[in-house]
Protein chains: 2
Amino acid sequence: MKFISLESPSPTDCFKIIDTGIRKRALIILLACCQATYEGRARSRLGFGERMILIKPDGSFLIHQDRKLDPVNWQPPKSRSKVSMKNGVVFLESVRRIPQEHLKVELKEVHLVSYYQCQDAQELEVCGHEKDMGELIWKHPELIEKGFRPTVREYSTSKGFIDILGKDSKGQLMILELKSRKAGTNAVKQLKRYLNDFKDDKKEVRGILVAPSITEDALELLEENNLEFKSLEPPNELKNEKKITLDLF
Amino acid sequence: MKFISLESPSPTDCFKIIDTGIRKRALIILLACCQATYEGRARSRLGFGERMILIKPDGSFLIHQDRKLDPVNWQPPKSRSKVSMKNGVVFLESVRRIPQEHLKVELKEVHLVSYYQCQDAQELEVCGHEKDMGELIWKHPELIEKGFRPTVREYSTSKGFIDILGKDSKGQLMILELKSRKAGTNAVKQLKRYLNDFKDDKKEVRGILVAPSITEDALELLEENNLEFKSLEPPNELKNEKKITLDLF
DNA sequence: GAGTGCATCTCGCTC
DNA sequence: GAGCGAGGTGCACTC
């Protein structure tokens, strides 16, 4: 059976379905009143409440409350899930080896138990990251300014990697720090550090923060340090753009 | 009805259940073959595949594939969810106002649709954070060393906030940088920056990195800069410790 | 509402 | 496996 779902199951049935689901490497869904304790990188305890529990074929384990985007408790992929029954009560356990992490769940009342052997080979296609920005600038350096010639990407320094290194039309060295969203003071400080490294060489260097926008504090700090800001939106174009709009709407 | 669940529903039934679920501010669960496009802070497209969709009463919207901990697509709390039907096909839409973000989902085949008005007032109790460490040191400064007297927490500098500032038994200034997990080179660099700020004052200052452990690179960098490392585990004690173990096992 | 920094961050990459 | 950095980070907290 590829898919099974049972409302208000007995503890025995609930146990059986979960156990089968784990062995079949299916996606398991539970709606239940439960409590949970976690021990590992930190420690936590969650009292009884009604939640959704999700166990994935890759070992991921999630407990979702009725609010927030993040699960309230979880275990990462490759964790080992187990189900057990003691005195008519069903327990779930998920263990990660390295680092040692334990999640234990007690199910008090199960409203729905279900497993589903799903098929999904699709990968998400995204655009609009810092990496995309780097590629865009590399291909179209004039977006930064006329005469800009990028020379190195991911240039390694003692302070970290410089996103893009290049020269302006006058041959002056330029250090570019890219951010795909609004840049804060931290981005400026980072850029400043790269420049300090280069200034030891007694050369004149320009530092440019490239981002769609910048906070007021950051702009102030930037100007204090004679650094520059260049507004640039990250590229916004998927591979099969036309296909999408046709397929969906 | 507080809870409803329907296997392989017709598009019309599926639409009705989701629509009711949204109006009742229930937790909605879907198992379905779907595709999704997202536009907002970035842009993404996901082809057809079998997934679990979760819509929470607070507006959170999650699409989970059969792998990974993170949803492949999502919308944050307070987003507005809508369901619609066109030519016998059910569509989901979730919109966020600020920043503008759109998630559109087309359901091709629904295996399970369900909503559930759940009750969960419980908050998660956690311990083992950096904040806990700060409190621990503040109360038990001798954990750092005999004679250590902390004076300020979250001391603001141009380089950021110093976790703990204090003096040793000889009255020498100490800067403490706390990390709740293994400290890397970045933690050392951060500490170094705080010290540089203070050295301008021509005072002798000790810099101490406090963490459960440290990477080899970081330790090397630390010693090069005459900084110190103090191994300290973040506190690991919940409020009602005894109660937990009794309740669960 | 915007800005800042932690997180059981997760995840992908490189070494 | 460990370390490092980006993320549609999320989230709480401050201003």
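Quick caveat: nothing in here was measured; it's all calculated off a predicted structure. Quick note on labels: first sequence line is chain A, next is B, and so on, each numbered from 1.
The distance between atom CZ of B:Arg153 and atom C1' of C:dC6, rounded to the nearest whole Å, is 14 Å. Note: NZ (B:Lys179) to C1' (C:dC6) measures 8 Å, nearest angstrom. The distance from atom CD of A:Gln190 to atom C1' of D:dC4 is 12 Å, rounded to the nearest whole Å. One can place CG of B:Asp70 at 10 Å from P of D:dG8, the figure rounded to the nearest angstrom.
For C:dC13, the OP1/OP2 oxygens have no side-chain nitrogen or oxygen of A:Lys131 closer than 4.0 Å. The side chain of A:Arg97 contributes no N or O atom lying less than 4.0 Å from OP1 or OP2 of D:dG1. Close to D:dA6, at under 4.0 Å from its OP1 or OP2, lies no side-chain N or O of A:Arg181. Dashed line: the shortest gap from a side-chain N or O of B:Ser44 to OP1 or OP2 of D:dG8 is not under 4.0 Å. Between C:dT8 and A:His102, no contact under 4.0 Å exists linking OP1 or OP2 to a side-chain N or O. OP1 and OP2 of C:dT10 both lie 4.0 Å or more from every side-chain N or O belonging to B:Lys68. Between A:Trp74 and C:dC9 there is no side-chain N or O to OP1 or OP2 distance below 4.0 Å.
A:Asp217 comes within contact range of the sugar-phosphate backbone alone, with a heavy-atom separation under 4.0 Å but no base atom that close. Using a 4.0 Å heavy-atom distance criterion, A:Phe161 is classed as making no nucleic acid contact. Within the 4.0 angstrom heavy-atom criterion, base atoms lie near A:Glu101. Among the heavy atoms of the strands, none lies under 4.0 Å from B:Pro99. Across all strands, A:Arg96 comes closer than 4.0 Å to no nucleic acid atom at all (heavy-atom distances). No contact: A:Pro71 has no heavy atom under 4.0 Å from any strand. Across all strands, A:Gly184 comes closer than 4.0 Å only to sugar-phosphate atoms, never to a base (heavy-atom distances). The residue B:Asn186 sits close only to the backbone: its heavy atoms come under 4.0 Å of sugar-phosphate atoms, none of a base.
In this structure, the nucleotide among D:dG10, D:dC4, D:dG7 sitting nearest to the side chain of B:Thr215 is D:dC4. In this structure, the nucleotide among C:dA7, D:dG10, C:dA2 sitting nearest to the side chain of A:Leu69 is D:dG10.
Although no hydrogens or angles enter the test, the distance criterion places no donor-acceptor pair under 3.5 Å between the side chain of A:Tyr116 and the main chain of B:Met52. Of the possible donor and acceptor atoms, one in the side chain of B:Arg43 sits under 3.5 Å from a partner among the backbone N and O of A:Asn236. Within the 3.5 Å criterion, the main-chain N or O of B:Cys34 finds a donor-acceptor partner in the side chain of B:Arg51.
Contact annotation: side chain of A:Asn73 to base of C:dT8, donor-acceptor pair present below 3.5 Å. Residue side chain B:Gln75 reaches the base of D:dG8 through a donor-acceptor N/O pair under 3.5 Å, judged by distance alone.
Residue A:Glu216 is the one, among A:Glu216 and B:Ser180, whose nearest nucleotide of DNA chain C lies closer to the 5' end (criterion: closest heavy atom). Mapping B:Arg41 and B:Thr185 onto DNA chain D by nearest heavy atom places B:Thr185 at the nucleotide closer to the 5' end. When the nearest nucleotides of DNA chain D are assigned to A:Glu130 and B:Pro77 by heavy-atom distance, the more 5′-ward of the two goes with A:Glu130. Along DNA chain C, the nucleotide nearest B:Arg67 and the nucleotide nearest A:Gly40 are compared for position; the residue whose nucleotide lies closer to the 5' end is A:Gly40.
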Test log, rule side chain to side chain donor-acceptor pair (under 3.5 Å), inputs A:Gln35 and A:Glu106: CA-CA 5 Å; A:Gln35 73 170 337; A:Glu106 176 184 346; 2.9 Å; yes
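Residues A:Asp132 and A:Pro235 have side chains in contact (heavy-atom distance under 4.5 Å, counting atoms from C-beta outward).
D:dG8 and C:dT14 have their C1' atoms separated by 25 Å, with the value rounded to a whole Å. Comparing the C1' positions of C:dA7 and C:dC11 gives a spacing of 14 Å, expressed to the nearest Å. One P atom belongs to C:dT4, the other to C:dT8, and the distance between them is 23 Å to the nearest Å.
In this structure, B:Lys108 is positioned above the aromatic face of B:Phe48, its NZ or CZ under 6.0 Å from the six-membered ring centre and within 45° of the axis.
For B:Val126, the side chain to side chain contact (heavy atoms under 4.5 Å, CB included) test picks out A:Ser44, B:Leu124, B:His129, with sequence neighbours left out.
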